[in-house]
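Take a look at the structure below.
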Number of protein chains: 2
Amino acid sequence: MTPNGSSGTIDNMMTNEMTASVYLAHPYTKSFNHAIYNRVLDTLERLDVTTYAHDLYAEDFNPNLTVRELGFDESEDSQVLKYAKELMASDLLVFVHPNWWGQPPAILKGWIDRVIRPPYAYDYPPEIPAGDPPLQKMQGKRGIVFNTSNTPEERENNYFGDPLESIWRHCVFGFCGIEMSHRRMFRIMADSDDATRKRWLDEAENVTEEIVRTGQVRKKP
Amino acid sequence: MTPNGSSGTIDNMMTNEMTASVYLAHPYTKSFNHAIYNRVLDTLERLDVTTYAHDLYAEDFNPNLTVRELGFDESEDSQVLKYAKELMASDLLVFVHPNWWGQPPAILKGWIDRVIRPPYAYDYPPEIPAGDPPLQKMQGKRGIVFNTSNTPEERENNYFGDPLESIWRHCVFGFCGIEMSHRRMFRIMADSDDATRKRWLDEAENVTEEIVRTGQVRKKP
C-alpha cells in the first residue's frame with residue numbers, strides 16, 4: 001500500500017513510489033484484451049509500480065448499483081469499498097475493454113456506477129447547488145484506456161460519434177478531475193494478423209511506460 | 001403475441017395491432033423513472049397496444065455477457081432468448097433510465113450487450129466482410145428513450161458531449177435499422193417541483209401516444 005497519491009506530486013516521484021489500479025473487462029480468457037492487460041501488468045512490474053490488478057469477470061463482479069448506493073451512505077458491498085479505496089490510493093488508472101455499443105461492457109459500466117462515488121472519487125458537500133459540478137477528488141491522477149474494436153475509424157468517428165471518447169475523457173476522468181489521460185482504440189481486431197497484434201502490444205507497453213514516467217505520450221515523428 | 005412487426009407496415013396499423021417492449025432501469029421503486037414507466041404502460045394499455053413490460057431491477061437481470069454469447073450461438077440464458085424474441089415481435093421499443101456517466105445504468109447496458117444480438121436484431125452473414133455494417137433486422141420499428149438527469153443542458157451538450165444521444169440514435173437504433181426514434185431528457189431532477197414533474201409525465205404520455213399513432217412527435221408551436 002502507498003499513501004493517497006492524489007496531491008499532484010507524481011511528476012517528481014520515482015516509479016517505485018507510484019501505485020496503479022488496472023481493470024480488465026472481457027469474458028474470454030484468450031482475448032486480445034487479456035493480452036493487453038497482461039502486458040500492462042508486466043510493464044508496471046518492470047517499473048516497480050505497486051499495482052492493484054482486477055479482472056472483473058474472473059472476480060465475478062456484480063455491476064448492479066443498489067438503492068443504498070444511490071445516496072451518500074457507504075456501499076454495503078465490501079468489494080465496492082475495497083475498489084474505491086484502492087482507486088483513491090492509485091496515481092494511475094488503466095482500463096482495458098472492448099468497444100461494445102460505443103460503451104464499456106456492462107461489468108465495467110457497473111464498476112463505474114458503483115465504485116466512482118462519494119465520498120471517494122468526487123463529492124457533493126451541502127454548499128454545492130444541485131446541477132453544479134462536484135468537488136473533484138481525483139486531481140493529479142493519470143488515466144489510460146485501451147480499447148479494441150471491429151468498427152473502422154471513419155464509421156466510428158463520423159457515424160457513431162465515438163462516444164467512448166466523451167465517456168472516458170469528460171464523463172469519467174474530467175468529472176473527477178483527471179486531466180492527464182491517453183486513450184487508444186486498437187482496430188480492426190477481427191482481421192488483424194499476428195504481426196499487427198504484436199505491434200499493438202508493444203505500443204500498449206510504450207504508452208504505459210511513457211504515462212508512468214512523464215504523464216504524456218510523445219507524438220511519433 | 002403478434003407477428004414480427006419489422007416489415008415497415010405499422011403506419012397503417014390500428015394501435016390495437018401493435019406490440020411494444022418497455023424497459024425500466026432504476027433501482028429505487030419510488031423513483032421518477034418508475035413514474036414515467038408506469039405512465040407509459042398506462043398509455044399503451046389505453047391505446048390497446050400489446051405490451052411486454054420489464055422492470056430489469058425487479059427481474060434481477062444479470063447484465064454480464066457470457067463467453068458463449070460472444071459468438072453466434074444462442075444464449076444459454078432463457079431470459080435473454082425471451083427478451084430477444086419479444087424485441088423482434090415488437091413494433092415499438094421504449095427505454096426509461098437515468099443518465100449515469102453519459103450512459104444507461106449497467107443493468108440496461110448489459111441488456112443491450114446480451115439481448116441485441118444475432119440472429120435477432122442484426123446479423124453478420126458470411127458474405128459481409130469484418131468491419132462492415134451488419135444486416136439490419138429492426139427496420140421499421142420505432143424507438144423512444146426517456147432519460148432523467150441532474151446535469152444542466154449546457155454542460156451536458158458542450159462539456160460531456162451528450163453521449164446518450166449518440167449511443168441510442170446511432171450505436172443502438174441506427175446500427176439495427178431503427179430510423180424513427182424520439183429521445184427526451186428530463187432535467188434537473190434534483191430540484192424539480194411537483195408541478196414540473198406532473199408536466200413531464202404528461203409529456204411522456206403525449207410522446208408515447210404520438211409515436212404510436214404517427215411515428216413522430218409534432219413540434220410545439
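Just so you know, these numbers come straight off a predicted model, no measurement behind them. Lettering of chains follows the sequences in order, A, B, ..., and the numbering in each one begins at 1. Reckoned from all heavy atoms, side chains included, excluding hydrogens, waters and symmetry mates.
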Between A:R155 and B:P133, is any pair of side-chain heavy atoms under 4.5 Å apart? yes

Roughly how far, to the nearest 0.5 Å, is CD1 of A:I167 from CD1 of B:I167? 4.0 Å

Atom group of A:Y57 that falls short of 4.5 Å from chain B, counting heavy atoms: side chain

Is it true that atom NZ of A:K82 has more than 12 heavy atoms of other residues, nucleotides or ligands lying nearer than 6.0 Å? yes

Exceeds 12 heavy-atom contacts within 6.0 angstrom, atom CD of B:E179: no

Measure the acute angle between the ring planes of A:W101 and B:F175, then classify it against the limits of 30° and 60° as parallel, tilted or perpendicular. perpendicular

Is chain A contacted by the side chain of B:L70, its backbone, both, or neither, given a heavy-atom distance below 4.5 Å? side chain

Just give me the residue among B:D60, B:D113, B:I107, B:V67 that pairs up with chain A most often, heavy atom to heavy atom, under 4.5 Å. B:D113

Taking every non-hydrogen pair under 4.5 Å, which of A:G161, A:A25, A:C171, A:G174 racks up the most with chain B? A:C171

Applying side chain to side chain contact (heavy atoms under 4.5 Å, CB included), can you list everything that pairs with B:D193, at least two apart in sequence or on another chain? B:A195, B:T196

I'd like to check A:P104 versus B:Q103 (side-chain heavy atoms, cut-off strictly below 4.5 Å). Are they in contact? yes

Is the count of non-hydrogen atoms from other residues, nucleotides or ligands lying under 6.0 Å from A:D194 atom CG greater than 12? no

Hey, are the side chains of A:N64 and B:P63 touching, using non-hydrogen atoms and a 4.5 Å cut-off? yes

So how far is it from B:H170 NE2 to A:D162 CG, rounded to the nearest 0.5 Å? 13.0 Å

When rounded to the nearest 0.5 Å, the distance separating CZ of B:F160 from CZ of A:R169 is 14.5 Å

Between A:L65 and chain B, with a heavy-atom cut-off of 4.5 Å, which part of the residue counts as in contact: side chain, backbone, both or neither? both

Check each atom of A:I116 against the heavy atoms of chain B and say whether the ones under 4.5 Å are side chain, backbone, both or neither. both

